[in-house]
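A quick write-up on the structure given underneath.
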Amino acid sequence: MCGIAGFYQNKYDFLSPGYGGRTHQNKWYEKLIRMKKSLVHRGPDDDQVLLFHGAGFAHTRLSIRDISGGAQPMTCSCQGVTATIVYNGEIYNTDELRERLSRYPLHWHTTGDTEVILNGFLAMGERFFELLNGIFAFAIYIEKTGTLILARDPLGVKPLFYQIEDDTLVFASEPKAIFAFGIQPKADGECWNEIFSLGPARTLGKGGFAGMKEVMPGQCITLTPCSAVPYFDCEARNFWSLQAKPHTDSYAETVEKVSWLVRDSIERQMVSDIPICSFLSGGLDSSLVAAVCQNSLKKKGRILNTFSFDFEDNSKNFKANSFQSSLDRPFAKEMADYIGSRHTFLECNNQSQADYLYKAVDARDFPCMADVESSMLYFCELVSETNRVALTGECADEIFGGYPWFHRESMWEKNTFPWSYDMEARKALLTDDFASSLQMEAYSQNAYLDTIQSTPRLNSDNPQESRRREIAWLNIRWFMMTLLNRMDRTSMYSGLEARVPFADHRILDYVYSIPWEMKCRNGQTKSLLVEAGKPFLPDSVLYRKKSPYPKTYDPAYEKLLAERLLEMVGKTNSPLTGIIDKKKLARFLRTPSDYGKPWYGQLMAGPQMLAYFLQVGYWIEKYSISL
C-alpha cells in the first residue's frame, strides 16, 4: 500500500528553462515534496517525486510485495509509447494477468503488480482495467500526448480525491495532500449538510470540502489537452458497474459458488512478501477469514497472528441491547483456540479513546465515526507494531444482508436511510437558526432518492424483492463506503495495510442477484455465508447472533466527553459558536444516554454524538474553516 499525489495542467511547461528557469522548476518540486511528506504515514519505507512537462507525481511506499524492485513513480514503454504510474493498492490476480500479457512485446523488470498495471495499460489500453482483481487507486501519465488517467477500484476500497483550481487538477490519496499543494480548505452549505445531515457517511463523489471531489468506485477519468480554460478536457467512464441479473443456479449450486468465491478471495489476499495477520472478533465474518488463512498457513508450517479488540472493564459495564447482545472476547478466544492462531487481546481505555478522536480527524481529514473510528485507529497502531498486513471481515454484512434493517420491515419500509432515519436526533444540539439554514431533511431525502433511483434491478422483481435490492444498494453505496473509508484511514495512518476479502467485486457481482429467500434461507441471517463457514467454524460461532464492532459502556467515558465538549463550547471564539445551542447541550447532558437507540448505525448513540461534535470543533480549528 502507498500514498499517491500529483498535479496536472497544460497551460505552461514545468520543465522549460525559458519559463522561469530553475526557480520555476523548484517551485513545483517543492509542492510535490510537501504533498509527499503529508502522506508519509501511508508509505514510510520509500518516497519519490517526478516532474514532467505538464504534470507532477509524488509517491510514498509501504513495501509489501517485490520489496527491492517496486519503487515508484514507475515508467514503462511499449511500441514507442511511454507512460508513468503512481499506484496505491494490491492486485490479487497479478500472476494470471502477467501470463495473459505474455503475448505482447513488453519488457519486465520487476515481479510486482505496479508494472503489471502499467504494462497492461500500454498493451490493452483502458479496457485492461476491467481485468483487475484487487483494490487500487492510480494515476497514469503519457507525456507524449499530455494525457492523465485516474482510476479507482470497483468497490472504492482505496481512496482518490481531486480538485480543480484555476487551470490545474490536483489529486491525492487523502485531502491533506491537496492542501499541501497550496489549495485552501473551505466549507460551504453542502459540506455542512454532509457533516450534520448525513455524517459520518459522505456522498460518493464528494470530497467533504468545497470544490473537492473523489473518483467514483469503478471509474476512470481521462484528461486530455485542449485550447480552452482550464486547457484540458475531462471525460469520466465506468469500467465496472454492478448489474442485476437473473439468478438461475439452484440453492446447492449457489452455496457451492459462494463458498468458492469467498475462499478464493481470502486466499488470494494472503499474497505478501511479509507475514500477514487477521482481525478476529469471534463473529462469523472475521472468524471465517481467520480460519481460511490459518488453514492455508498451517500447510506451510506457519501460524497466523490474530487480534481482537475491546475496552477496559467492558465486562463490568456492558449492557446488552437489541443491536449488541454479547461481548466478543469469549468467542474470539474460542475461535483462536479452535484454529490454533497466535492470538492477542488488545484493549483501549477511556483516555486513549477520547484523545484519539482528534487523531482520527487528522487521519480522515474530516469528522468521522467518533470513538468507533478513534478506537480502531488506536488498535491499528498497536497491530502495526508487529504486523504490516491485516485481513479483516468488513463488507460481509452489506453484501450478504447481515444488518437489522435487512430483516426488520419497520426499518426497511421507512422511506429514508434505515440506519439514520431520525433527523430530530441529529438536530438535538444544533441551534435552531443553523439547523434551519441547512434544510437537513431535504438534503438527506434528496441523497436517499438519488441512490434509490440508481438501484440496479430486474423488470421481473416483485415489489418486495425490488425493495430488498434498494436496501442492499443503499448499504453498498453508503454504509459500506463509510466503513471502508474508516478501515483505510485508520490502518494506513500507522502504515498498516488492511485487506478486505469480502470486498471482491466478483462476490458482490454474484451475490447481489441472488434472491433474498436464498440469502436468508429458513430465516437464517447470512445463510450463504454460514454454509461457506461450515467446514471451518464451530456451531457456536457459525450461528452466533450478529454483534457489531465493540464500544465502551463505561459511564466515565461519557462524562469525560461531556467535560471536554463543555470546555470547547465555553471558550472565547469557540469553533462551535453558532452551531451548538448551549441550553440544548445542558439539557442533553442532564438526560441519561440511551444506548439502545443510536442516531447512526448500530453504535453511535448519545456518547458518540458528543464525541462527533468534539471532532467537528477540532476539524473547524485545524483547517481554519469558516461557518
Side-chain angles (χ1 to χ4, degrees), residues 92-93 96-97 126-135 151-157 204 216-220 236-266 268 285 394-403 405-407 412 449-481 484 500-522 524-532:
Y92 302 122
N93 61 339
E96 296 98 309
L97 292 173
E126 292 179 10
R127 63 190 174 96
F128 181 72
F129 304 162
E130 301 170 17
L131 305 179
L132 298 174
N133 175 266
I135 53 178
R152 190 179 182 199
D153 66 77
L155 271 65
V157 178
L204 271 175
M216 294 285 283
Q219 184 183 72
C220 68
R237 75 171 186 89
N238 293 328
F239 61 85
W240 184 88
S241 59
L242 185 63
Q243 304 292 325
K245 305 166 187 174
H247 188 77
T248 57
D249 293 346
S250 67
Y251 184 70
E253 291 169 333
T254 301
V255 167
E256 182 180 6
K257 186 161 186 178
V258 167
S259 299
W260 181 86
L261 283 169
V262 168
R263 290 196 306 271
D264 184 68
S265 181
I266 295 169
R268 281 179 182 273
D285 311 335
E394 258 79 19
C395 303
D397 286 311
E398 291 85 354
I399 293 173
F400 288 92
Y403 291 122
W405 42 82
F406 279 98
H407 305 271
W412 61 261
L449 292 175
D450 285 346
T451 310
I452 291 297
Q453 290 166 5
S454 67
T455 301
R457 37 177 124 238
L458 292 173
N459 291 332
S460 58
D461 288 341
N462 61 41
Q464 188 174 56
E465 192 68 23
S466 180
R467 183 56 177 162
R468 297 272 188 200
R469 289 199 198 280
E470 290 175 352
I471 295 297
W473 186 237
L474 285 169
N475 276 269
I476 291 161
R477 298 300 266 185
W478 288 90
F479 208 79
M480 188 168 80
M481 285 309 309
L484 285 174
V500 280
F502 292 112
D504 184 320
H505 71 278
R506 298 174 304 159
I507 295 176
L508 176 58
D509 188 61
Y510 184 68
V511 173
Y512 182 79
S513 294
I514 298 173
W516 181 254
E517 62 185 18
M518 289 188 181
K519 293 179 184 176
C520 190
R521 191 174 178 86
N522 297 323
Q524 173 62 56
T525 300
K526 295 194 293 192
S527 58
L528 292 171
L529 213 52
V530 170
E531 293 289 344

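Owing to the predicted nature of the structure, the values given are computational and were not obtained by experimental measurement.
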Stepwise, does the side chain to side chain contact (heavy atoms under 4.5 Å, CB included) test hold for Trp478 with Glu398? CA-CA 10 Å; Trp478 288 90; Glu398 291 85 354; over 6 Å; no

Please check if the side chain of Ser454 supplies one atom and the backbone of Thr451 the other of a donor-acceptor pair under 3.5 Å. yes

Give a yes or no answer on whether the side chain of Glu531 reaches the backbone of Ser259 with a donor-acceptor pair at less than 3.5 Å. no

State whether the side chain of Asn133 and the backbone N or O of Asn93 hold a donor-acceptor pair below 3.5 Å, judged by distance alone. no

Taking salt bridge (charged side-chain N to carboxylate O under 4.0 Å, His left out) as the test, write out the residues that go with Glu470, two or more places apart. Arg457, Arg467

For the residue pair His505 and Trp240, does the interplanar ring angle fall in the parallel (under 30°), tilted (30 to 60°) or perpendicular (over 60°) class? perpendicular

What residues, two or more places apart in sequence or in another chain, satisfy salt bridge (charged side-chain N to carboxylate O under 4.0 Å, His left out) together with Glu126? Arg237

Any donor-acceptor N/O pair, Thr525 side chain to Gly401 backbone, under 3.5 Å: no

For Tyr512, is the NZ or CZ atom of Arg469 found under 6.0 angstrom from the centre of its six-membered ring and inside 45 degrees of the ring axis? yes

Under the ring pair (Phe, Tyr, Trp, His ring centres under 6.0 Å) test, which residues partner Tyr403, sequence neighbours left out? Trp405, Phe479

Between the main-chain N or O of Val262 and the side-chain N or O of Ser265, is there a donor-acceptor pair closer than 3.5 Å? no

Mind checking what makes ring pair (Phe, Tyr, Trp, His ring centres under 6.0 Å) contact with Trp473, not counting sequence neighbours? none

Scan residues 242-254 for pairs that pass salt bridge (Lys or Arg N to Asp or Glu O under 4.0 Å), counting only residues two or more places apart or in two chains. Lys245-Asp509

Okay, side chain of Thr254, backbone of Ser250: is any donor-acceptor separation there less than 3.5 Å? yes

Apply salt bridge (charged side-chain N to carboxylate O under 4.0 Å, His left out) to Glu394 and list each qualifying residue two or more places apart in sequence or on a separate chain. Arg486

Between Arg268 and Asp504, is there a side-chain N and carboxylate O pair less than 4.0 Å apart? no

Does any N or O in the side chain of Asn462 come within less than 3.5 Å of the main-chain N or O of Gln464, such that one atom is a donor and the other an acceptor? yes

Judged by atom type as modelled, is there a donor-acceptor pair below 3.5 Å linking the side chain of Asn475 to the main-chain atoms of Ala472? no

